Amino acid sequence: EKNMIIDKNLLDRSIFDIIVNKVLHSPWNFAECTGAEDVEDSSSFYMIISDENGICSPLYDLICLPLIVACAKNNIKITEIIRIRVGLIPKLDKQILHTPHVDYQFPHKTMLFYFSNSYAPTLMFDKKHSGNGKDKYWSNIESLKVEKNITPVENTFVIFDGLTFHSSTTPKDNPLRIVINYNFID
């Protein structure tokens, strides 16, 4: 995707470590499946920092920092933060591709901020959602082509068009895949 931005070493190491420590020592919610429920999937943990109803966590100000810094570095103006979600996917014996999806079915941007090095790539596909509000999952995986394979590297972010179908995978070589997922309008 031509408008995709990927950059390493976003935050000063001490600030990055504070954010990671606060998140790891906060309460998590359990999700029985990570993607659509009708496919082979894996369980995961998550915390909602903010959503359409407002701020949901005392970590909000701290967790906003990577988004603010990344957008400032790239001259992106944030007009609205739709949702901030932290996801933790534990290691499995085999790698599972989660269902390709978009987070919202209207025009927006997505930023992923990686907490750890992990061979559990984010896959970006060649198809975009029409933005018409219909189903957020792409059920015919065979019809998709991987356009970009992004291997998580700690303190790295990627910003992309939120209507691009994308997917996470489970780690098989590292204990955890932890990502902050930001959805916003610029």
Side-chain angles (χ1 to χ4, degrees), residues 4-36 40-51 55-71 73 81-104 108-124 146 148-160 162 164-184:
M4 185 180 298
I5 301 166
I6 301 174
D7 200 4
K8 296 178 179 173
N9 300 313
L10 176 65
L11 301 175
D12 176 81
R13 186 74 210 184
S14 60
I15 295 169
F16 175 76
D17 289 343
I18 288 168
I19 293 173
V20 169
N21 188 47
K22 288 282 189 191
V23 167
L24 289 178
H25 292 93
S26 293
W28 292 83
N29 301 297
F30 177 74
E32 231 173 275
C33 60
T34 303
E40 176 187 35
D41 209 355
S42 63
S43 59
S44 63
F45 297 87
Y46 69 94
M47 60 178 84
I48 302 296
I49 305 301
S50 70
D51 63 14
I55 296 170
C56 308
S57 167
L59 297 178
Y60 179 81
D61 290 335
L62 188 64
I63 297 296
C64 278
L65 191 58
L67 176 66
I68 292 165
V69 172
C71 288
K73 265 181 88 170
I81 296 174
I82 304 164
R83 181 185 72 160
I84 303 173
R85 179 185 184 277
V86 185
L88 183 157
I89 302 172
K91 175 182 173 179
L92 292 178
D93 292 334
K94 65 177 182 170
Q95 195 159 58
I96 295 175
L97 169 68
H98 298 125
T99 308
H101 67 281
V102 295
D103 298 332
Y104 289 92
H108 67 287
K109 294 266 193 237
T110 296
M111 178 175 130
L112 304 176
F113 181 62
Y114 298 106
F115 268 31
S116 57
N117 300 321
S118 172
Y119 188 73
T122 301
L123 303 179
M124 301 290 177
V146 175
K148 186 93 175 147
N149 180 324
I150 301 165
T151 300
V153 174
E154 70 175 15
N155 203 10
T156 295
F157 73 90
V158 57
I159 296 175
F160 59 96
T164 301
F165 280 95
H166 59 282
S167 178
S168 59
T169 55
T170 57
K172 64 176 190 172
D173 300 326
N174 305 80
L176 301 172
R177 179 188 199 272
I178 304 174
V179 178
I180 304 177
N181 180 320
Y182 302 89
N183 303 109
F184 65 98

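What's counted below: heavy atoms across the whole structure, side chains too, no hydrogens, waters or symmetry copies. Only a predicted model underlies this, so the values are computations on that prediction, with no experimental measurement involved. Just so you know, residue 1 is the first one in the sequence shown, and it goes up from there.
When atom types are taken as modelled, the side chain of T169 and the backbone of P121 share a donor-acceptor pair closer than 3.5 angstrom. With hydrogens and angles disregarded, a donor-acceptor distance shorter than 3.5 Å links the side chain of H101 to the backbone of H166. A donor-acceptor contact shorter than 3.5 Å links the side chain of N29 to the backbone of Y46. A distance-only check finds a donor-acceptor pair linking the side chain of N174 to the backbone of Y119 [under 3.5 Å]. A donor-acceptor contact shorter than 3.5 Å is absent between the side chain of D51 and the backbone of R83. Side-chain atoms of Y182 come within 3.5 Å of backbone atoms of I63 as a donor-acceptor pair (strictly under, hydrogens ignored).
Summarising the geometry of P90 relative to S44, their closest heavy-atom pair is CD-CA, 4.2 Å, with the distance given to 0.1 Å. Residues V146 and N149 come closest through the heavy atom pair CG1-N, 4.4 Å. K22 and L62 get closest at one heavy-atom pair: CG-CD2, 3.6 Å.
Between F113 and T156, the closest side-chain pair of non-hydrogen atoms is not below 4.5 Å. Within the 4.5 Å cutoff, the side chain of T122 has no heavy atoms near those of the V179 side chain. P66 places a side-chain heavy atom less than 4.5 Å from the side chain of L11. You'll find the side chain of I6 reaches within 4.5 Å of the side chain of K148, heavy atoms only. Using a 4.5 Å heavy-atom cutoff, the side chains of T170 and R177 are not in contact. Side-chain contact between F157 and V69 is absent, with no heavy atoms from C-beta onward closer than 4.5 Å. You'll find the side chain of F160 reaches within 4.5 Å of the side chain of L112, heavy atoms only. Residues V86 and W28 are in side-chain contact: their nearest non-hydrogen atoms beyond the backbone lie under 4.5 Å apart.
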Start with the C-alpha distance between M4 and I150, add both sets of side-chain angles, then the distance that settles side-chain contact (heavy atoms from CB on, under 4.5 Å), and finish with yes or no.
CA-CA 11 Å; M4 185 180 298; I150 301 165; 3.9 Å; yes

Kindly determine whether R85 and N181 satisfy side chain to side chain donor-acceptor pair (under 3.5 Å), including the steps that lead there.
CA-CA 5 Å; R85 179 185 184 277; N181 180 320; over 6 Å; no

Determine, stepwise, if the pair L59 / S26 fulfils side-chain contact (heavy atoms from CB on, under 4.5 Å).
CA-CA 9 Å; L59 297 178; S26 293; 3.3 Å; yes

Decide yes or no on side-chain contact (heavy atoms from CB on, under 4.5 Å) for F115 and I19, but give the supporting numbers first.
CA-CA 9 Å; F115 268 31; I19 293 173; 3.8 Å; yes

Steps toward side-chain contact (heavy atoms from CB on, under 4.5 Å) verdict (V158, Y114):
CA-CA 9 Å; V158 57; Y114 298 106; 4.1 Å; yes

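Of the inter-residue distances, the one linking N155 atom CG with N9 atom CG reads 5.5 Å to the nearest 0.5 angstrom. With rounding to the nearest 0.5 angstrom, the CG atom of L123 is 6.0 Å from the OG atom of S167. Taken from CE in M47 to SG in C56, the straight-line distance is 12.0 Å, to the nearest 0.5 Å. In this structure, NZ on K109 lies 9.5 Å from SG on C71, to the nearest 0.5 angstrom. For the atom pair CG of D103 and CD1 of I82, the computed distance is 9.0 Å after rounding to the nearest 0.5 Å. Rounding to the nearest 0.5 Å gives a distance of 5.0 Å between CD1 of I5 and CD1 of I159.
Taking a 6.0 Å sphere around NZ of K73, one finds it holds more than 12 heavy atoms contributed by other residues, nucleotides or ligands.
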